[in-house]
Amino acid sequence: MSTPHHYHQPNAPDPHDEDSESDLELDLHELDPTTSSHTSGPSKRNSKDTRRPLQDYAGRIPLRNLRVGRLRGNRGLRSSSRGHDAEEEDLRGLLQDDNENKRDSGGSAGTGDDDAPLLSTRNGKRKPKEPEGRLVQWANMLGLAKILRLPPSEPEQELPDDDEVEEHDPSSNRTVLVSQRQPTRFPPNAVSNAKYTPLSFLPRTLYNEFSFFFNLYFLLVALSQIIPALRIGYLITYIAPLAFVLSITLGKEAYDDIQRRRRDTEANSEGYTVLRFDDGSENLSSSKKRKAAKRKSKKSKNASSRLTDVEDEEASAEGGANDKQGVSYEEISKRSSDLKVGDVLMLEKNQRVPADVIILKTVSSDAAPSAPIVPEAVEPEADLLVGASSATSSTAPNSGNVASNEREESSEAFIRTDQLDGETDWKLRLPSPLTQALKIGQLQRLNIVAGKPDKKVNEFVGTLELKPPPTNSSYDPHISSGAPVEDSAGESQSKSAPLSIDNTAWANTIMASTCTVYAVIVYTGAQTRQALSTSPSRSKTGLLEHEINSLTKILCALTLTLSFILVALEGFEPEPGRKWYVSVMRFLILFSTIVPVSLRVNLDMGKTVYAWFIQHDDTIPETVVRTSTIPEDLGRIEYLLSDKTGTLTQNEMEMKKIHVGTVSYANEAMDEVASYVRQAFVSQDANEVHLVTPSTYVAPAASATRTRREIGSRVRDVVLALALCHNVTPTTEEVNGETVTAYQASSPDEIAIVRWTEQVGLRLLQRDRTGMVLQSTETGKVVVRVRILSVFPFTSEGKRMGIVVQFDAGNGPQDENSEVWFYQKGADTVMTSIVAANDWLDEETANMAREGLRTLVVGRKKLSSQQYSDFSAKYAQASLALHHRDSAMAEVVKQFLERDLELLGVTGVEDKLQKDVKPSLELLRNAGIKIWMLTGDKVETARCVAISSKLVARGQYVHTIAKLKRKDLAHDSLSFLQTNPTACLLIDGESLALMLLHHREAFISTAVRLPTVVACRCSPTQKADVARLIRAHTHKRICCIGDGGNDVSMIQAADVGVGIVGKEGRQASLAADFSVTQFCHLTRLLVWHGRNSYKRSAKLAQFVIHRGLIISVCQAMFSIASDFEPNALYKDWLLVGYATLYTMMPVFSLVLDTDIPPALSHLYPELYRDLRTGRSLSYRSFFIWVAVSVYQGCLIQGLSQLLIPSFESDAGFKKMVAVSYTVLITNELLMVAAEVTTWHWIMATAIVGTAAIYAGSVPFLGRYFDLGFVASSGFWWRGGIIVAVAVVPPYVVKILGRVWRPPSYRKVQGL
């Protein structure tokens, strides 16, 4: 990493820049009343011999009188000559700068006399104006007086336009200038889930379409019609169907992508507050215009507004005085997509972080200033003296750089990262002490050096650099005019500080603290941690498409074979001028209807209908279909990969149970706990202030039995322990106009426990680093006050947290007799060896674990003063160790504290499940779906949720693999799982990575056979890798469901991605193929809509293939009867009309067919299991339909030719075509009716309506039919016989098959 370098701010205002508008830019000698008579001679500012002590001036210049007097005295002259003189003096400062080595510091610009008293202007006299030089006159004519004035030593450095800025190299470190234009260009902060761009849409979609064999086949057939020898009929009859198919498919893809872009626009339009610093460096010309406008507005004011002008000038002067402590700034609103690297964000509670940021400063909500803002508050009027008094200095010794103590105490923030890594615990984030001590207006002095973009969410290394404050020409009596300018903290050199993960907040995390957080953006858009962990969107193709593609290849091979056979039967004797292979090609074109071009159109339109059904299902409201090309895959799912936090659980903890050794309390029994707490902490005397310690509870009623007193004592002890042993901080916030108490902590478990103690009567009133105060909810009085001596926070390794407190019994916490207690709570696996021997702990923790509760064991130990002193000394000594410091400190704690603790009780906290999660998971398991839970949370949490949600069945063994370090140890676990295929596997991310690295095939082949797998501590990348691995190994359809940004990669890697609209974000929902609002909606999406979509599309596809194949068989029969000539049987409109107007609506109406009602699909989810075999569209069912098509085609065309023997003549040919074509249409309509399981009125209308349309169009088909023959009885009896022979036998066979081997849905229809 590159080291921080000194940054020179371009366009920085010159410290000696003159501005006639400021009343503060005055030399100290001008303000001295005693110098009014000493005006002879030039200024000697650099002469230390003639300089008066600064302290002599400090006390005798009342700045308010000075300002008011100057304003009143100059009112008349200012209105007439202010503008001209100011511009002239400004220009003289610019043009004569090269000839002057010494510049005046303030409003006396151009006078050259520092000793001239400013107060003399009260008489309306001004120093005589020097004659204008020719150069000055020319400059005035050219308007140069308005040009920015900078000394030659630091010329203006204009930053290049955005188009000229180089793109930042993402493989290198970056230097971020806080709230300034960056030297390199970074990617925009825009969310994009679109699959295509305007340029890539056509190439990518056409490539995807023609990657399917049948589309490519029809393209070649259409192009073949350009060759005259191969042309059959009109070219449009081959081009139009293909163009129509492609336009439908491309239009649907375009519509889906436009919808994605609209949803992305909604996410990108989310507003955020950004600080804009007004230091004049961004646009100095605009600043000059504002000043000119201000002068113009002041000139137009009348004398009645003098007091307002005085106040405005005082505020302006005070603002100028504060420039040395920080520039002024204002709050502006920016869209999320407009945020840039270097912007300073102001984030509030429950706001989503829009980009990767570094936290600079936190301010408590009540201390956060409002905009527009000047960094420092105005001092009281009594203190408005040039040169602050010693009292003022002592009050704010570092007023230039250090914030107040109140704001320093807010230097911590909590964030929720469940949308990023799936962990439910809140993360503590801290600003760097270097930036926390700064005023907000000084944040622009910061530079940040950060590493290259990285996907590791738990690692970050950077450096923070604080530049010296800019020199300022504002008047300050404490600074000599010749001395180097320093800020009030004495800073004159750059300062650096390290940055770590504790100073960051990544994109899509949520602010959980009530404080206001100021943070600077360091990574945007595609370079954020969340985006780098997300795989790019891909075009998904359903399994049905691939199956039909395979069947199409079979049909094409059948067509080629048939064509070759017909040419071979002709004896390969071509006609004069025609080669045999030309005849083969012509037969291929004639039989091209075997591969129906309308197949894709029907399937794509069917998908649109399925999407409409899903989005208008009232039982799953607000469900959105984002990818309408794969609804059939919803009916083929075999593996479901689910997130935990926000998907299966609500991430809301609730205290459900507490056990104190002999009694367990839950639900309504908590009222009894509250009564015990009331007895112990509420004094009988309402006016008495009684502080309670563990040894001085309020005496229980004498009437209570001994057993009840003992139980009451146990309950009081455990409630007090839970009220003290935590890291929770209470905060107040306003909700709906009411002030409510909120809690913030790193763990939601602790917040749930503290809320429970409040419900039973003991509220956490106050908490800081030194102590805690507990209040009785009954009386509102303080009942417990403790001093915090030591805190041992929870760690993943230790699995416990402890605290040492000293109770205040009313004599103050420093009382020698004050009680010191050590409280500790933790997981039962570690607390069992710490607490004293007992006979109930293991049993009760096991009982709670079986209920899916997260258990915590609570204990305590009383310490004498000597014991604590010995511990403190040893602990302090261990904390100074250079090697093995953590283990040494832990050993001291174990030696002195964690030994023979008094066991107080066990708590059970429940992570609230989403609605109907348990029955939903059970239904999906019964449907034959194997469920994997992939989460970033802890092992214990994942186990509890798996049990409570019934993901793990009662009595099912859970095999845990955690912290696996050596690859040779993996063999034992794999062997066990192979011999116990009904066990549940629980594996952490570290062990999973080792398995995938060294035992990939063995692990995945074993894991995919298990009914349930729980993987915890998984990174977003690992989730996606698992999804891809299952797909590659099993070639089965997998569905991934999640609600957070950390689930996007997994969702996009799945065959079907389902996103849940989360509380804090919609990243998963936007990136998913289907969006739902609750997990339980997934069951209806799969077992009802998925099943119907697959079965309908399978029936539709086979019917379309049947429709094309039967007409090709008729063509083959005619070619055989015509001496194997490749002549068309049905030409032009007959061919087009058959595939569109005369059969399309009845065949397409099959998308409305259902075999069972919705209730039965949920009652018998085993019906979904049958779909995995693919029997609805298999090679077996395909060849059955081929056989039916060959049978019907041979009979229809063969009987037509037999019953009309003169078909070789033109008149006989028209009669034969009329009979065969009419029978063909009638056969299709009857076959559709025979296939319907549940009639819908649209289906009946489509069949009857199509028959009527055909009958009505016959009179217009005189070009193809003999209309006189159609009107005769010979046409009707011939047609009736052929229809009966073609339709009745297949229907009878179908009925017999259903009776002999009824399908599954037939078995449950009668129940």
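Only this structure's heavy atoms are used, side chains among them; waters, hydrogens and symmetry mates stay out.
Other residues, nucleotides and ligands contribute only 12 or fewer heavy atoms inside 6.0 Å of the CD atom of Glu622.
With rounding to the nearest 0.5 angstrom, the CG atom of Asn350 is 8.0 Å from the CD1 atom of Ile510. Atom CE of residue Met831 and atom OG1 of residue Thr845 lie 12.0 Å apart, to the nearest 0.5 angstrom. Expressed to the nearest 0.5 Å, how far CZ of Arg860 lies from CG of Leu903 amounts to 11.0 Å. Taking NZ of Lys861 as the reference point, atom CG of Asp900 lies at 6.5 Å (rounded to 0.5 Å). Taken to the nearest 0.5 Å, the OG atom of Ser818 stands 12.0 Å off from the CZ atom of Arg785. For the atom pair CZ of Phe822 and SG of Cys725, the computed distance is 7.5 Å after rounding to the nearest 0.5 Å.
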Could you list the donor-acceptor pairs under 3.5 angstrom formed by side chains in residues 654-663, with sequence neighbours left out?
{"residue": "Lys657", "atom": "NZ", "partner": "Glu851", "partner atom": "OE2", "Å": "3.1"}
{"residue": "His659", "atom": "ND1", "partner": "Gly661", "partner atom": "N", "Å": "3.0"}

Go through it in stages, so that I can follow the logic: the residues are Gln806 and Tyr868, the test is side-chain hydrogen bond (donor to acceptor under 3.5 Å, both in side chains), and I'd like the CA-CA distance, side-chain angles, deciding distance and then a yes or no. CA-CA 10 Å; Gln806 184 178 22; Tyr868 181 74; over 6 Å; no

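Heavy-atom minimum distance, Asp643 versus Leu648: O-CG, 3.6 Å.
Partner of Tyr676 under the side-chain hydrogen bond (donor to acceptor under 3.5 Å, both in side chains) criterion, out of Arg716, Arg709, Arg708: Arg708 alone.
Remark: Asp828 pairs with no residue by the salt bridge (charged side-chain N to carboxylate O under 4.0 Å, His left out) rule, at least two apart or across chains.
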